[in-house]
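Beneath this line is the structure, given in structure tokens, with notes to follow.
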Amino acid sequence: MALISKVEIFMVDLKPKVKRTDATQSFDSQETPFVRITDSEGQTGLGYSYTIGQGGGAIMSLLRETMVPKLIGREAEEIGRIWRDLLFSTHATSVGAITSLALAAIDTALWDLRCKRAGLPLFQMLGGAKDSVAMYTTEGGWLHISTEDLVADALDAQSKGFSGSKVKIGKPHLSEDRARLAAVREAVGPSYEIMVDANQSLSRAEATRRAHMLEQLDIAWFEEPLPADDVLEHVALAASTSVPIAVGESMYSISQFKDYLVSGGASIVQVDVARIGGITPWMKVAHMAEAHNVPVCPHFLMELHVSLVCAIPNAPWLEYIPQLDGLTKTAMRMENGRAFASMEPGLGIDWDMDAIEAQKIDGLSASFGA
């Protein structure tokens, strides 16, 4: 047991290695807020979250002005109590994405600290259900990519042992989506999984049309077909198709997942550790999904999610989108299309602190405590 004696916050901005577009937006950059927590015994934990190019300054302001000053002198092991105190300290003004992304940076730092103090890797601290997980790739499936390049990327991933590829959909006409997907299916054969993602771009009528087309191609799941906060429309869509409906990357509270699970609107839960507010609520959603016999297939952040999906039994997939190579000394371990949880104490991310220091955004850093 040790008290929090010092907290530092800073942000770096990472540019994607490839162009990333979908039916509603572009992934311009990864603004990455960091929180480093030091306890009274000198042990440190480093946590982070992200945006896709906007809002990073608001997250840093919330951390600096409201959340981080409340951490000094707190017992670092009381992660659940700290999480709820910080949530309700902002409850009247900023519940939603900004609060969750700020909370996540703090919460992951506290879990990193706890695991390092205990000498345990994160996946074992949280349950240790398995040590590796199958991967599917999204990096070659963006909406602007030509059909020929979609096929080439899927075949390349298949040759490397990946078990599936995600293809973005939402072209102006269904026939365009069908042609792209049919070409990939013909190339990879029946045993390779194809996932699709509409990024909340469709009406229910159009999502229903596309769902019938997806059934013919044996698609593994239909991701974010409709606006993420419209539970009832997802329930109606799920009842009309055999294609599993995947939602969760754009949800920011545990109760949203509860509503989807109890109503049957989600066949697959894609809870994002940053957008839900950290590891503490992520595990609650994962266990709730397990109680409903629903798999967890998280969105993005593979370097952190690999440990979380290996902690639980109901997580069959990890999404491959590399983003932290420029900030780490060693990459996530991958072999034959599987990702392996780190055995090192903490989050298992081998940060390159010199690289992080060189890329800090001026004017956003702050330090609190001794």
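- The salt bridge (charged side-chain N to carboxylate O under 4.0 Å, His left out) contacts involving residues 283-310 comprise nothing, where partners must be two or more places apart or lie in separate chains.
- Looking only at distances, no side-chain donor or acceptor of E8 sits under 3.5 Å from a matching main-chain atom of S367.
- Within the structure, the salt bridge (charged side-chain N to carboxylate O under 4.0 Å, His left out) test picks out the following pairs touching residues 334-348 (sequence neighbours left out): R333-E335.
- When the shell of 6.0 Å around NZ of K6 is examined, it contains 12 or fewer heavy atoms from other residues, nucleotides or ligands.
- Sorted by first and then second residue, the pairs that involve residues 135-144 and meet side chain to side chain donor-acceptor pair (under 3.5 Å), not counting sequence neighbours, are R20-E139, T21-H144, Y136-K166, T138-E319, E139-W142.
- With sequence neighbours excluded, no residue satisfies ring pair (Phe, Tyr, Trp, His ring centres under 6.0 Å) with F222.
- Listed for the Q158 side chain is a donor-acceptor partner under 3.5 Å among the backbone atoms of V188.
- Contact detail for A187 and V151: the closest heavy-atom pair is CB-CG1, 3.5 Å.
- Listed by chain and number, the residues in a ring pair (Phe, Tyr, Trp, His ring centres under 6.0 Å) with F368 amount to none (sequence neighbours excluded).
- Between the side chain of D177 and the backbone N or O of I169 there is no donor-acceptor pair closer than 3.5 Å.
- At distances below 3.5 Å, not a single donor-acceptor pair connects side-chain atoms of R180 with backbone N or O atoms of S175.
- By the side chain to side chain donor-acceptor pair (under 3.5 Å) test, S191 is found to be paired with no residue, residues two or more places apart in sequence or in another chain being considered.
- Remark: F10 pairs with F34 by the ring pair (Phe, Tyr, Trp, His ring centres under 6.0 Å) rule, at least two apart or across chains.
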Result block: side-chain N/O donor-acceptor pairs under 3.5 angstrom for residues 54-71, not counting sequence neighbours:
residue	atom	partner	partner atom	Å
Q54	NE2	D28	OD2	3.3

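- With sequence neighbours left out, the ring pair (Phe, Tyr, Trp, His ring centres under 6.0 Å) criterion links F162 to Y320.
- Pairs passing the side chain to side chain donor-acceptor pair (under 3.5 Å) check and including a residue from residues 225-234, sequence neighbours excluded, read R204-E233, H234-Y260.
- Formation of a donor-acceptor pair under 3.5 Å by the S240 side chain with backbone atoms of L237 is found in this model.
- Residues forming a side chain to side chain donor-acceptor pair (under 3.5 Å) with S146 (at least two apart in sequence, or on another chain): D149.
- Remark: the backbone N or O of Y252 is not paired with any side-chain donor or acceptor of R275 at under 3.5 angstrom.
- Contacts of D112 classified as side chain to side chain donor-acceptor pair (under 3.5 Å), with partners at least two apart in sequence or in another chain: K116.
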